[in-house]
> 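Below you'll find the structure I mean.
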Amino acid sequence: MQRGHHQNVPGKRAPVFRLRLLAWYDAHARDLPWRKNRDPYPVWVSEIMLQQTRVAAVIQHYDDFLRRFPTVEKLARARQSSVLAVWSGLGYYRRARMLHAAAKMIVRELHGKFPQTSGDWRELPGIGRYTCAAIASIACDEPIAVVDGNVERVLSRVSSRRLSEQQVWHAAEDLLDRERPGDFNQAMMELGATVCTPKAPACLLCPVVELCATRGDLPGETKALPQKKREIHYALDHHSENGRPARVFLLQRPRDASLMPGMWELPEISSPGDHAKPLFKVKHSITVTDYTVSVWSSSPSNHTAGKWIAVRQLPKLAMTGLARKILRKAGVTKSAGVR
DNA sequence: AAATCGGGGCT
DNA sequence: AGCCCAGATTT
């Protein structure tokens, strides 16, 4: 009887939780591009893009990606470099390679038919415990719960306990609305992203505040990763024709580099040399390092390796996000919308 | 279990 | 200047 410790939202209150959460979601769900339908392909693409990536960042790439690769067949037929070019700036480029590999598997091995269960989705590269459940609940209506950073935070606040990974998944499964699993999962994440935020949660706006044990406090510890700082210098060299940028000198990263292998970037220079001032500076953070980037005007004679790339080709080139940012800021390329 | 993989936006 | 995000894979 008093064994109810293991229940996070007590069983009797779980139906109320579902009702209020879904009613809130029906009224407040953000109008996101991947919520236009429940077709497996766009849902799958969105879930891969959303791995460890904020909604706002995904929105900037999602429509471009689907325009370029409207079907799994088109994606499977594409070159990897084309896929990476559209992915450029989104980060975690392994996701793009695995998405591409999975598309080939779906076309060649599954004859273009998408998996219909979370277990079958799980077999594909780039799809782990979270993603297979997210896709299957949304696109296949399979009653399976997801746990991401949002869900974990919501559930630990609601229960006022720090839960092991096993416990979180169990709690999410208990709470799941089995009639509308896809909406329920998205509602949990939406609540975490927009109301039950890491800091300063908006409990006054929360549909389940009355069922919440903490109402804002988060039990347990936070893990702090040390963020290193580095300065780095790049050489920017470009030709102009008719007063417009025509070609730019770029370098391809080694194919076997662990970080962004095979992608194009500006040549790095060890020191600024005699130049008094860089063209400009930008800030950029990758993995655990915050870079202060200085961009220097440079003459061709300094270059040994690398290639002159036509500016018109740049949108189709697998460039690093930093290179894209620099070229945009330098006025070599226009704003992000160019295809 | 821990390390690795991008990048950016908010506090 | 931290923090941390609709995680998966490798070691």
Side-chain angles (χ1 to χ4, degrees), chain A residues 25 29-30 32-35 42-62 84 87-99 101-102 121-139 144-154 164-165 168-169 172 181-194 196-202 218 221-229 253 257-261 263 265 282-293 318-326 336:
Chain A
Y25 183 70
R30 290 171 290 180
L32 300 175
W34 46 91
R35 289 182 177 162
V43 168
W44 169 39
V45 170
S46 74
E47 287 299 340
I48 300 299
M49 286 190 174
L50 284 163
Q51 290 169 359
Q52 288 291 288
T53 305
R54 293 175 189 278
V55 165
V58 172
I59 288 177
Q60 297 180 21
H61 292 82
Y62 182 76
L84 287 172
W87 207 269
S88 171
L90 252 186
Y92 288 125
Y93 298 99
R94 188 171 55 187
R95 294 182 297 176
R97 295 191 185 86
M98 291 189 295
L99 180 70
W121 277 104
R122 186 78 155 86
E123 302 291 315
L124 295 171
I127 296 183
R129 188 174 183 181
Y130 163 82
T131 306
C132 73
I135 298 171
S137 66
I138 296 170
I144 184 171
V146 303
V147 171
D148 74 331
N150 292 306
V151 174
E152 181 176 3
R153 184 173 57 255
V154 168
S164 70
E165 177 167 333
V168 186
W169 282 89
D183 286 342
F184 178 89
N185 284 333
Q186 293 187 80
M188 287 288 282
M189 297 187 283
E190 185 103 348
L191 187 70
T194 65
C196 194
T197 48
K199 295 172 185 173
L218 191 56
E221 89 293 2
T222 57
K223 51 197 169 185
L225 283 180
Q227 198 78 3
K228 301 168 192 161
K229 292 179 188 178
R253 295 176 61 80
S258 66
L259 193 66
M260 300 177 278
M263 299 188 71
E265 61 183 357
V282 297
K283 293 187 181 304
H284 195 70
S285 48
I286 63 173
T287 62
V288 295
T289 307
D290 286 340
Y291 288 93
T292 300
V293 181
M319 258 193 297
T320 66
L322 175 55
R324 213 168 277 284
K325 189 198 285 187
I326 290 172

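Remember, predicted model here, so these are calculated numbers, not experimental data. Letters A, B, ... are given to chains in the order of the sequence lines, protein chains preceding strands, and every chain is numbered from 1.
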> So A/Y62 and A/W34, would you call those rings parallel, tilted or perpendicular, with 30° and 60° as cut-offs?
perpendicular
> Between A/R54 (CZ) and C/dG7 (C1'), how many Å, whole number?
14 Å
> From C-beta outward on A/Y130, which listed nucleotide comes closest to its side chain: C/dA8, B/dC5, B/dG7?
C/dA8
> By nearest atom, which of the nucleotides B/dC5, C/dC5, C/dT9 is closest to the A/M98 side chain?
C/dT9
> Whole Å only: how far is the CD atom of A/E152 from the P atom of C/dG7?
11 Å
> With respect to the phosphate group of B/dG7, does any side-chain polar atom (N or O) of A/H284 fall under 4.0 Å of OP1 or OP2?
yes
> Choosing from B/dG8, C/dG7, C/dG2, which nucleotide comes nearest the side chain of A/K229?
C/dG2
> Looking only at side-chain atoms of A/K325, point me to the closest of C/dA6, B/dG6, B/dG8.
B/dG8
> Considering just the side-chain nitrogens and oxygens of A/Y291, establish if one lies under 4.0 Å of OP1 or OP2 belonging to B/dG6.
no
> Between C/dA6, B/dG8, B/dC5, which one does the side chain of A/V55 approach most closely?
C/dA6
> The side chain of A/T287 is closest to which nucleotide in this list: B/dG9, B/dG6, C/dA6?
B/dG6
> Between A/A56 and A/L90, which is nearer to the 5' end of DNA chain B once each is assigned its nearest nucleotide?
A/L90
> Does a nitrogen or oxygen in the side chain of A/K199 sit under 4.0 Å from OP1 or OP2 of C/dC4?
no
> Counting side-chain heavy atoms from C-beta on, which of C/dG7, C/dT9, B/dG7 comes nearest to A/Q52?
C/dG7
> Does a side-chain N or O of A/S285 approach OP1 or OP2 of B/dG6 to a distance below 4.0 Å, or not?
no
> For a quick check under 3.5 Å, do A/R95 and A/Q52 share a side-chain donor-acceptor pair by atom type?
no
> If only atom types and distance count, is the side chain of A/T320 paired as donor or acceptor with the main-chain N or O of A/E265 below 3.5 Å?
no
> Could you tell me the separation between the CZ atom of A/R94 and the P atom of B/dC5, rounded to a whole number of Å?
8 Å
> For C/dA6, take OP1 and OP2 only and decide whether either is under 4.0 Å from a side-chain N or O of A/T53.
no
